[in-house]
Amino acid sequence: MVDFNDEQQRKCYRHTTSHVLAQAVKRLWPDTKLAIGPAIEDGFYYDFDREETFTADDLKTIEAEMKKIVKENIPLERFELSRTEAIDFMEKLGESYKVELINDLPMDAVISFYKQGDFTDLCAGPHLDSTGEIKAFKLTSIAGAYWRGDSNKKMLQRIYGTSFPNKDMLHEYLEKLEEAKKRDHNKLGRELEYFTTVDYIGQGLPILLPKGARTIQRLQRWVEDVEQERGCLLTKTPLMAKRDLYRISGHWDHYLDGMFVMGDPQDEAKECYALRPMTCPFQYQVYLNRQRSYRDLPMRLTETSTLFRNEESGEMHGLIRVRQFTISEGHYILRPDQLEEEFKECLELAKFMLGAVGLLDDCTFRFSQWDPENPKNKYEGTAEQWDVAQSAMKTILDDLGVEYSIGFDEAAFYGPKLDIQYKNVYGKEDTLVTIQIDMLLAQKFGMEYVDTDGSKKSPYIIHRTSLGCYERTLAYLLEKYAGCLPLWIAPEQARILPISDAHVDRAYEIKKAMEKRGLRVEVDDRSEKIGKKIREANLDKIIYMLVVGDKEVEEGTVAVRSRFDADLGSMSVESISDLMDEEVKNYTKHV
RNA sequence: GCCAAUGUGGCUCAGGGGUAGAGCAAUUCACUCGUAAUGAAUAGGUCGUGGGUUCGAUUCCCACCAUUGGCUCCA
């Protein structure tokens with residue numbers, strides 16, 4: 001039996017399922033060419049090259065054929081061929097992608113195949129012994145995918161699927177997926193009126209509605225306050241600049257495609273401006289404003305910084321991938337001997353903030369490194385500079401005991417990064433927070449400090465975010481809390497529900513009193529029954545519902561109903577305000 | 001940008017070559033109500049936009065725009 005808790009066995013099981021998928025496709029459409037078909041985190045996929053496109057109906061046909069193959073209980077047989085035999089074998093089958101794969105294998109590689117009846121695939125394995133061992137599977141979607149992940153190469157058709165050792169587990173997984181989709185911020189955020197988009201404003205340019213704006217305002221004020229308490233200096237720098245600035249920073253060479261440019265970038269005779277895609281070169285001007293001494297360092301510059309990036313049209317996603325966004329930006333300018341301490345400070349700050357909003361536990365850490373051979377000439381600087389920066393970061397991360405994965409070729413063009421990653425409800429991962437070491441840009445901008453011995457030195461720079469991008473963070477918060485944000489960042493913390501019109505005046509008195517204490521409170525003053533008001537407050541994900549009727553008016557109280565604890569009984573306005581204050585102070589979370 | 005799917009009143013969706021329906025929401029009126037939907041009535045859509053085919057298009061075709069899931073790229 002397959003032990004599905006064991007990653008190797010799970011992958012093996014699903015990998016074999018992908019072979020069954022390929023066999024089914026080859027039986028149905030023999031002209032289809034095979035590319036690759038690995039197991040992935042929650043299932044598997046197989047990439048095909050076929051003239052006609054696969055339709056949703058085709059998936060059903062393929063599933064039916066797969067069921068047959070499983071029923072036939074075909075044994076999988078492994079065999080090896082020499083390189084020339086292997087190429088010859090695949091060429092005869094017309095599998096040009098497989099030939100390319102074999103050609104790219106190292107000379108000393110063992111070239112193995114797995115044969116199941118009328119189907120043979122190039123594969124390192126391992127595999128199940130027989131197709132009959134597959135008990136439950138489902139094809140989930142069709143997508144385009146470039147051959148070898150290269151956008152210059154042909155786009156193939158990828159079929160995604162998943163498989164499990166029994167039907168119950170499959171159903172459970174599919175149901176979990178459905179449940180997760182209900183938390184999709186892109187749906188919830190629109191329904192609950194956190195944000196919206198308008199066709200004629202443009203892709204990736206969401207409008208934050210009052211609720212979204214309020215939560216983000218709350219977060220921004222908090223971030224700015226916490227950062228200033230920790231010795232950061234808030235700046236406000238321009239949102240655009242002449243191309244001259246980006247030439248110095250390197251953005252013009254490395255990032256032009258991602259920038260919104262005003263004017264003709266090729267026309268040197270005329271002025272050309274661009275919206276900023278990053279804050280770095282602007283904030284450096286703060287440092288450069290006068291001569292700096294070693295005593296000034298570290299200088300921790302922060303900014304609630306709006307950025308513009310001309311993402312390609314297919315890449316936008318709700319509030320997670322947008323073209324205009326605001327990040328909790330920071331550039332720490334420091335002496336080399338301060339690198340470790342300041343990096344640690346950045347990481348602690350990010351962890352504190354992610355912890356306060358409740359996202360930290362679901363984060364993973366990625367050490368993003370450069371690829372010295374990157375064909376697109378993505379990186380600046382010398383191999384020596386990169387080695388210094390990367391080994392410094394490695395030492396720091398290891399000293400701090402950070403558990404991280406390596407992100408090869410994921411570095412910024414100016415240095416390595418520690419990326420704090422988060423997954424959305426579909427399992428897609430994006431960067432929430434990033435902390436980067438930069439030993440290049442200071443020199444480009446002529447940033448120096450006068451050291452103890454009177455000599456001029458070049459500082460190091462840490463680029464970092466603390467809470468990351470506010471839009472993206474809001475998206476993840478909506479997904480994490482299924483639309484019901486923790487009290488301290490909830491746009492509406494309490495709703496007062498008068499029993500009848502006679503209690504509305506008192507309701508507004510209470511609202512005023514609570515607002516004086518900094519609480520965000522609304523009144524449902526419609527002439528509706530209390531049951532309806534409660535229902536709708538619940539649908540609006542309101543945490544505290546304060547009911548006011550004759551009894552409460554008389555006693556000067558409110559009847560408190562909590563979304564999480566139901567009826568809390570009558571209490572004074574002061575008591576409920578104290579209780580809420582306490583929750584706000586403690587960043588209390590209900591999940 | 002690439003591959004695919006989708007686009008019908010505020011929302012969820014039905015329909016289909018002869019200019020459109022349901023539920024919820026909205027509005028008005030009545031009810032003034034004690035912890036998850038009071039009732040009745042009314043209004044609301046050139047069926048994403050622009051072309052084409054047709055006697056006639058929301059329905060068929062093309063282009064564009066937007067949304068969704070992938071790929072590539074990235075916070």
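Here is how names work: the chains are called A, B, and so on, in the same order as the sequence lines, proteins then strands, and each is numbered from 1.
As judged by a 4.0 angstrom heavy-atom cut-off over every strand, E315(A) is placed among the base-contacting residues. Using a 4.0 Å heavy-atom cutoff across all strands shown, D199(A) reaches sugar-phosphate atoms only and no base atom. Looking at heavy-atom distances under 4.0 Å, E552(A) makes contact with a base. R561(A) comes within 4.0 angstrom of a nucleotide base, judged by non-hydrogen atoms across all strands. Within 4.0 Å (heavy atoms only), I320(A) reaches at least one base atom of the nucleic acid. Residue S313(A) is in base contact, counting any heavy-atom pair closer than 4.0 Å across all strands shown.
Summarising the geometry of A490(A) relative to Q493(A), their closest heavy-atom pair is O-CG, 3.7 Å, with the distance given to 0.1 Å.
At the phosphate of A37(B), neither OP1 nor OP2 sits under 4.0 Å from any side-chain N or O atom of K533(A).
Aromatic pair Y422(A)/Y476(A): centroids less than 6.0 angstrom apart.
A donor and an acceptor atom sit less than 3.5 Å apart, one in the side chain of E311(A) and one in the base of A75(B). Within 3.5 Å, no donor on the side chain of R323(A) pairs with an acceptor on the base of C74(B), nor the reverse.
Spacing between atom CG of L188(A) and atom C1' of C11(B) amounts to 14 Å, rounded to whole angstrom units. Here A75(B) presents its P atom at 17 Å from CG of L354(A), a figure rounded to the nearest Å. Distance CG (D430(A)) to P (G69(B)): 11 Å, rounded to an integer number of Å.
Comparing A36(B), C74(B), G70(B) against the side chain of R309(A) picks out C74(B) as the nearest. Residue R535(A) places its side chain closer to A37(B) than to any other of A37(B), C71(B), A4(B).
At distances below 3.5 Å, not a single donor-acceptor pair connects side-chain atoms of Q157(A) with backbone N or O atoms of A143(A).
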